[in-house]
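Order of listing sets the numbers, starting from 1, for every ligand and every atom in it. Along the sequence shown, residues carry numbers from 1.
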Amino acid sequence: MICLKDVCKTYWMGAEAVHALDHASMEISQGEYVSIVGPSGSGKSTMMNIIGCLDLPDEGEYLLDGQPIQGYTEKELARIRNQKIGFVFQSFFLIPKMTAEENVELPLIYRRLPASERKRLVKEAMEQVGLDGRMQHKPNELSGGQQQRVAIARALVTSPSLFLADEPTGALDSHTSEEIMDLFHELHERGNTIVVITHDESVANLAERKIRIKDGQVSEVAI
Ligand SMILES: Nc1ncnc2c1ncn2[C@@H]1O[C@H](COP(=O)(O)OP(=O)(O)OP(=O)(O)O)[C@@H](O)[C@H]1O
Ligand SMILES: [Mg+2]
């Protein structure tokens, strides 16, 4: 489902090259739960941006569901992201003025689904994260863990083929982190493909398979 072959990404700081990804290769199959773990500056966010079709490699190849990502326009990449990928970020990225329900509904509005269908899907997603009693709350009326649940419901609502999470527990205390990681486990049990990017070994160890990244290079490690 995800196939990276010799992917390179280099940032130039004046004349100096930073090899954020250095011939990185990996394969992730449908239904897997994989963590990508590495220290600060190792290339995790760069990798997240490429897997999530937010950025393109300079060299090498990225196939998502068998389709090469290179050569798409920004508009086409946006459509691929909306159709295939559910993003979860450390800082939730909810829209403060909108209720939980409206935040979760947003990706469905981009898809131009009718209102009754949107309502049904939003309710289903909010039930799956255990927050159907908080539909009318705004983000600042929710706890951090609840806000991350809303963000997960928003990622879930379009039934994406891939859940891509960058430090999903980075802003949460250890108890709430456990609850969120339990939720990822449940989503995986229901057949979803999950990639969690983290610097935290204990979070990484909850996955089925762990991929390590260091100085932009990828290696596989046992859990
Ligand atoms: N826009 C950029 N311009 C120049 N260098 C960059 C840029 N983005 C990232 N880098 C460099 O690329 C390397 C990888 O960065 P990246 O953000 O992918 O690391 P990370 O593993 O996500 O780190 P962290 O855990 O701190 O978020 C780092 O050395 C960083 O300084
Ligand atoms: Mg990062």
Do Glu117 and Leu108 pass the side-chain contact (heavy atoms from CB on, under 4.5 Å) test, and can you show the C-alpha distance, the side-chain angles, and the key distance before you say yes or no?
CA-CA 9 Å; Glu117 178 75 357; Leu108 300 175; over 6 Å; no

Full working for side-chain contact (heavy atoms from CB on, under 4.5 Å) between Asp65 and Leu162:
CA-CA 10 Å; Asp65 286 336; Leu162 171 66; over 6 Å; no

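A salt bridge links Arg212 with Glu201: the distance from a Lys NZ or Arg NE/NH1/NH2 to an Asp or Glu carboxylate oxygen falls below 4.0 Å. Between Glu141 and Arg134, none of the side-chain N atoms (NZ, or NE/NH1/NH2) sits under 4.0 Å from a carboxylate O, so this pair counts as no salt bridge. Salt-bridge formation is not detected for the pair Arg79/Glu76: no Lys NZ or Arg NE/NH1/NH2 atom is positioned less than 4.0 Å from an Asp or Glu carboxylate oxygen.
Here Ser45 meets the criterion, with an N, O or S atom under 2.8 Å of the Mg ion (ligand 2).
The closest protein non-hydrogen atom to atom 27 (O) of ligand 1 is Ser45 OG, 3.9 Å. Of all protein heavy atoms, the one closest to atom 9 (C) of ligand 1 is Tyr11 CE1, 3.4 Å. Nearest protein neighbour of atom 31 (O) of ligand 1, counting heavy atoms only, is Val18 CG1, 4.7 Å.
At least one N or O atom of Gly41, backbone or side chain, sits closer than 3.5 Å to an N or O atom of ligand 1. In terms of N/O distances under 3.5 Å, ligand 1 is approached by Ser42.
If you check each of Asp55, Asn49, Ile213, Thr46 against atom 16 (P) of ligand 1, the one with the closest non-hydrogen atom is Thr46. Distances from atom 26 (O) of ligand 1 to the heavy atoms of Pro39, Gly170, Ser40, Gly43 show the closest one on Ser40. Looking at Lys214, Gln90, Lys9, Lys44, it is Lys44 that brings a heavy atom closest to atom 20 (P) of ligand 1.
Remark: Lys84 NZ to Ser161 OG distance equals 5.0 Å, nearest 0.5 Å.
At least one heavy atom of Met13 lies less than 4.0 angstrom from ligand 1.
Hydrophobic clustering (ILVMFWY, side-chain heavy atoms < 4.5 Å, transitive): Val218 and Tyr33 are in distinct clusters.
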